[in-house]
Amino acid sequence: MERINFINTREFKNRATQILRQVQKDQVIIITNRGKPVATLKGFNPRDLVVAEDRHDSLYQHLRQQILKESPELAARDTRQIATDFEKITAKMRKQIAYRTWEEMDRHLKGDPYDLTGY
């Protein structure tokens with residue numbers, strides 16, 4: 001069983017090379033910032049690269065499959081048809097939304113419709 005050590009960011013900065021050597025020896029290190037864990041250092045495994053490359057793509061593919069299962073007619077549409085429909089929906093939504101920009105809506109929802117905080 002691998003041992004887990006906790007170190008703070010300052011210690012990691014000052015002893016990075018030594019800490020990386022410990023990680024190479026199958027030690028897991030959790031880096032904390034003000035007492036809260038923010039990162040985990042563990043030894044490299046070639047599978048980490050495969051998972052990292054496929055992670056966003058697999059989510060996209062999963063969502064695409066779910067959408068096509070619900071609405072199979074979408075598979076036959078080309079990019080131009082999709083863009084035209086998107087523009088129609090956007091124009092319809094503009095008529096229903098009282099805000100010109102998302103920033104304006106955000107200020108209103110936060111209780112500052114006149115931008116008095118000046119962020």
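None of these values were measured; they are calculated from a predicted model.
- In this structure, Phe86 places its CZ atom where only 12 or fewer heavy-atom neighbours from other residues, nucleotides or ligands lie under 6.0 Å away.
- In this structure, the side chains of Lys88 and Thr84 come closer than 4.5 Å at one or more pairs of heavy atoms.
- What you find for Arg15 and Gln22 is that their closest heavy atoms are NH2-NE2, 3.9 Å.
- The two residues Pro37 and Ile30 come nearest to each other via the heavy atoms CB-CG2, 3.8 Å.
- Both Ile7 and Val38 belong to a common hydrophobic cluster when Ile, Leu, Val, Met, Phe, Trp and Tyr are linked at side-chain heavy-atom distances under 4.5 angstrom.
- In terms of heavy atoms, Val28 sits closest to Lys42 at CG2-CB, 4.4 Å.
- Atom CD of residue Gln66 and atom CG of residue Leu68 lie 10.0 Å apart, to the nearest 0.5 angstrom.
- Within the 4.5 Å cutoff, the side chain of Phe12 has no heavy atoms near those of the Ile29 side chain.
- From Arg80, atom CZ reaches atom CG of Asp85 across 13.0 Å, with rounding to the nearest 0.5 Å.
- Under a 3.5 Å cut-off, the side chain of Glu70 and the backbone N or O of Ile67 do not form any donor-acceptor pair.
- If you take CZ on Arg64 and CG on Leu74, they are separated by 9.0 Å, rounding to the nearest 0.5 Å.
- Taking CZ from Arg34 and CG from Asn8, the interatomic distance works out to 11.5 Å, rounded to the nearest 0.5 Å.
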